[in-house]
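Here is the structure we will look at, set down as structure tokens.
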Amino acid sequence: MTWSLLVLIGLAAGTIGSLVGLGGGIIIVPVLLIIDQYTNWLPPLSPQLIVGSSIVVLVAIGLSSTLAYMKKKSVDYKSGALFFLGSGPGAILGAWLNKFIEVDYFSIYFGLFMVLVSILLMIRNRLRPMKLNGQFTRSFTNSDGKTVTYQFSAPAAVAVSLVVGVISGLFGIGGGSLMVPAMILLFGFPMTVAVATSMFMIFLSSITGTLTHLALGNVEGFLLIGLVPGAWVGAKLGAFINQKLSDQTVVVILRWMLIIVGIRLIWQGTMG
């Protein structure tokens, strides 16, 4: 039963995470915390073990979904590598801070911020991407043959992704929770490219986070035996579903996922 339960959790995390570019930790971490607190289905787990193991699973989700999005040529590798310059070191710092920082109050404020981001996505068509006076220009040709050009500042991209990496390592929720909205609202990315590039970036940054959590002893092997296979299949399924939906539908799903993330973080901070 334990293995089947973990596979289902991994499958759900991989599917939802890959569908909207959030990674999957937003499913794994709260579900395992609830199971640990209210049932005896699994051996006792510390929050650090849950977060660390979640980061390892993000490697599988990131790689599986990136391979799927590669076939559709929707991954912006250069931008993803640029974002990784910030998110990689940020993930290491966040994983280290997880051991020392009391995050309850921060969780509440960050949860409220996530809800605010979902509201901004709701009215995004009335907003112009800030682009932050950048000269880094990229283009993407969608399935209809239409080419979209977007431009942003490289230093700003690194700075934003550094903050995203820290939050990813600290909470184990996957940097896409902030990176996808940032790509859309700040840098003007098309939705399809934002999701695919976010998963590529999550793959890279979660590798560094995994190495840090392994060094800190924050990884539980028996969790990975079930979570990783389910997450791998789910990530491919999420990427497949994403290609069948319109950008507007994916944005709606993303908004609701951010609201769920926000409420979970507010609850986490309030309950301590």
Side-chain angles (χ1 to χ4, degrees), residues 9 11-31 58 61-62 64-66 68-69 72-76 79-80 83 110-131 140-144 146 148 150 152 160 164 167-168 171 173-202 231 233-267:
I9 295 172
L11 182 66
T15 302
I16 295 174
S18 178
L19 173 61
V20 291
L22 299 189
I26 58 171
I27 302 295
I28 296 172
V29 173
V31 169
L58 289 182
I61 293 176
S64 178
S65 58
T66 297
Y69 283 120
K72 302 295 182 180
K73 299 182 179 181
S74 54
V75 181
D76 185 341
S79 295
F83 291 131
F110 183 55
L112 292 171
F113 178 69
M114 286 285 92
V115 175
L116 174 62
V117 169
S118 71
I119 294 173
L120 291 176
L121 284 173
M122 189 181 303
I123 61 173
R124 83 187 197 288
N125 291 332
R126 303 178 186 177
L127 305 174
R128 295 184 61 185
M130 295 177 64
K131 300 183 182 178
F140 168 72
T141 302
N142 61 26
S143 57
D144 297 328
K146 181 180 179 182
V148 180
Y150 49 103
F152 58 92
V160 169
V164 169
I167 292 172
S168 172
F171 291 99
I173 59 175
S177 299
L178 278 180
M179 203 66 245
V180 174
M183 288 183 192
I184 297 170
L185 297 174
L186 298 181
F187 306 134
F189 275 62
M191 183 66 193
T192 300
V193 179
V195 170
T197 305
S198 172
M199 295 311 301
F200 173 60
M201 187 202 75
I202 286 172
V233 174
K236 290 192 177 299
L237 178 60
F240 174 79
I241 296 173
N242 176 280
Q243 300 298 320
K244 300 298 181 181
L245 300 177
S246 67
D247 280 1
Q248 182 58 38
T249 301
V250 176
V251 169
V252 171
I253 297 172
L254 173 62
R255 289 205 324 256
W256 279 106
M257 290 308 303
L258 291 176
I259 291 174
I260 292 172
V261 173
I263 293 174
R264 196 268 285 183
L265 289 171
I266 294 170
W267 174 82

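Source: prediction; values computed, not measured.
Here the CD1 atom belonging to Ile28 is positioned 8.0 Å from the CD1 atom belonging to Ile9, to the nearest 0.5 angstrom. Note that CD1 of Ile253 and CD1 of Ile16 are 9.5 Å apart. Values are rounded to the nearest 0.5 Å. Here Asp76 contributes atom CG and Phe83 contributes atom CZ; the two are 8.0 Å apart, rounded to the nearest 0.5 Å. Expressed to the nearest 0.5 Å, how far CD1 of Ile263 lies from CG of Leu112 amounts to 10.5 Å. To the nearest 0.5 angstrom, Leu58 atom CG is 7.5 Å from Met199 atom CE. In this structure, the separation between OG on Ser65 and CD1 on Ile202 is 7.5 Å, given to the nearest 0.5 Å.
In this structure, the side chains of Ser79 and Phe187 stay at 4.5 Å or more apart for every pair of heavy atoms. You'll find the side chain of Ile27 reaches within 4.5 Å of the side chain of Met257, heavy atoms only.
Between Ile184 and Ala194, the shortest heavy-atom contact is CG1-CB, 4.1 Å. For the pair Val180 and Leu254, the tightest heavy-atom approach, listed with the atom from each and the gap, is CG1-CD2, 3.6 Å. The shortest heavy-atom contact between Ser18 and Gly238 is OG-C, 3.8 Å. Closest approach of Thr197 to Ser74, counting heavy atoms only: OG1-O, 4.2 Å. Here the closest non-hydrogen pair linking Met179 and Ser198 is CB-OG, 4.5 Å. The minimum heavy-atom distance linking Tyr69 with Val75 is given by the pair CB-CG2, 3.7 Å.
Within the 3.5 Å criterion, the main-chain N or O of Ile61 finds no donor-acceptor partner in the side chain of Ser64.
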